[in-house]
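Have a look at the structure below before the remarks.
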Amino acid sequence: MAKIYATCRVFADEIARLRGAGHDVQMRGQEGPISRDELIRSISDADAMICLLSDKIDAKVIATGPRLRIIANLGVGYDNIDVPAAHAAGIIVTNTPGALTETTADLTFALLLAAARRILEADEYVRSGKFLGWELLQKHLGLDVFGKTLGIVGMGRIGTAVARRGHFGFGMKGLYHNRHRNIDAERELGARYVTFEELLEESDFVCVHTPLTEETHHLFNKDSFRKMKKSAILVNVARGPVVDEVALVWALETGEIAGAGIDVYEREPQVHPGLLKLKERVVLAPHIGSASVETRRKMAKIAVDNVLSVLSGGEPLNPVT
Ligand code: GLV
């Protein structure tokens, strides 16, 4: 019987699958981030761990789990885990690629549209009884989306799914910047590969879909915002630290850019107070890119499948290499 520790609540049927295979499962019941001490205590005798993007699994934490065979991360990103340290300790790391592509692309468009058309401000206006009727110069004049230029930074699975929505759904001209050219996306969507600077200068909507690496840390800074159109909207559903949040607040306050749809933050769950004050064309979400019932179920299933496979001596299904 192996011991499995989950740092968060997981769907009951998935926990039942683990228990049904004869494993002892401990699940953290509380909301909010787990403390380092609690994490270290909880994995000291665990053979497998199911964890979250917000759990910092660094080399020191890994060293306190001498029996660990697998760390199954609930998410496609794994910048929260020191993967080389895990591999050096003989621990397999898995993620949940593919499961959340379309759901995250949907949220990208939800934020893009909500910021462009000022949906939250409009909703608040109606609810507070201020709506007195249609006017030509209505209070919540927004920005058109149809036919505009969509710039994708990071043309992987999610970036391509967003570009597809823009191309087929909104007649948008697609630009992208990526480490490598994505010829399939160019063929299917007519997306044009451009430099980062060209993308900033030409896009009406800039969507961030790049992983967090040393190269992408603060990729969006004051300089980048200065290069963007003053009418542009930034959407970040990737990782908070790709955007310098202080620079973002500055860009929004000074009108360097027109708005933002933000799902991820530099110091999650903290949000820069300046961002909280800005409401015009600014929409904030609590890291819900993959948060549909269907997708979260799929993610849990993938993590559990990986754990079951590794604990029974098989290969991981979604190893991070
Ligand atoms: C979400 O942020 C993920 O990486 O899955």
Side-chain angles (χ1 to χ4, degrees), residues 6-11 14 31-34 49-58 70-83 86 92-112 152-162 165 178-179 207-220 234-243 245 248 260-271 283-307 316-321:
T7 65
C8 64
R9 289 172 299 148
V10 176
F11 297 99
E14 293 301 337
E31 278 184 48
I34 189 168
M49 162 162 56
I50 296 176
C51 62
L52 301 177
L53 308 159
S54 48
D55 302 330
K56 193 162 170 46
I57 318 286
D58 58 22
I70 172 169
I71 300 173
N73 209 34
L74 286 162
V76 64
Y78 44 83
D79 46 277
N80 56 314
I81 303 175
D82 186 336
V83 177
I92 289 162
V93 177
T94 62
N95 66 344
T96 64
L100 46 82
T101 303
E102 301 301 338
T103 306
T104 307
D106 283 349
L107 186 85
T108 307
F109 251 87
L111 293 177
L112 187 158
I152 308 276
V153 179
M155 196 67 145
R157 272 186 284 245
I158 298 172
T160 305
V162 171
R165 281 159 177 72
N178 200 39
R179 266 177 307 177
C207 296
V208 186
H209 299 292
T210 180
L212 175 63
T213 62
E214 275 172 28
E215 292 82 54
T216 63
H217 183 264
H218 282 192
L219 182 64
F220 284 83
L234 176 83
V235 180
N236 185 11
V237 299
R239 283 293 179 267
V242 175
V243 175
E245 229 163 68
L248 174 62
I262 304 292
D263 188 43
V264 287
Y265 304 88
E266 226 186 313
R267 287 175 198 79
E268 245 170 80
Q270 286 170 44
V271 181
V283 180
L284 306 178
H287 203 147
I288 53 170
S290 66
S292 72
V293 177
E294 297 95 323
T295 291
R296 288 288 167 91
R297 279 196 165 280
K298 274 192 254 168
M299 290 164 69
K301 180 176 183 311
I302 292 172
V304 167
D305 285 345
N306 276 290
V307 168
L317 309 168
N318 308 92
V320 169
T321 50

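Both counts, for ligands and for their atoms, begin at 1 and track the order of listing.
Close contacts between ligand 1 and Leu100 involve ligand atoms 5 (O) [criterion: under 4.0 Å to a heavy atom]. Listed by number with element, the atoms of ligand 1 under 4.0 angstrom from any heavy atom of Gly75 are 3 (C), 5 (O). Residue His287 has at least one heavy-atom neighbour below 4.0 Å for each of these atoms of ligand 1: 1 (C), 2 (O). The atoms of ligand 1 that sit less than 4.0 Å from any heavy atom of Gly77 are 3 (C), 4 (O), 5 (O).
When the heavy atoms of Val76, Asn73, Val237 are ranked by distance to atom 3 (C) of ligand 1, first place goes to Val76.
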- Task: With salt bridge (charged side-chain N to carboxylate O under 4.0 Å, His left out) as the test, would you mind laying out the steps for Glu102 and Arg165 before giving the verdict?
- Result: CA-CA 10 Å; Glu102 301 301 338; Arg165 281 159 177 72; 2.8 Å; yes
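In this structure, Arg296 forms no cation-pi arrangement with Phe11, as its terminal cationic atom is not both closer than 6.0 Å to the ring centre and no more than 45° off the ring axis.
Side-chain polar atoms of Asn236 and Asp263 form no donor-acceptor pair below 3.5 angstrom. A donor-acceptor contact closer than 3.5 angstrom links the side chains of Asn318 and Asn306.
Proximity of Leu53 to ligand 1, defined as any heavy-atom pair under 4.0 Å, is confined to the side chain (atoms from C-beta onward).
Checked against Val237 for a side chain to side chain contact (heavy atoms under 4.5 Å, CB included), the options Leu111, Val264, Ile262 give a single hit: Leu111.
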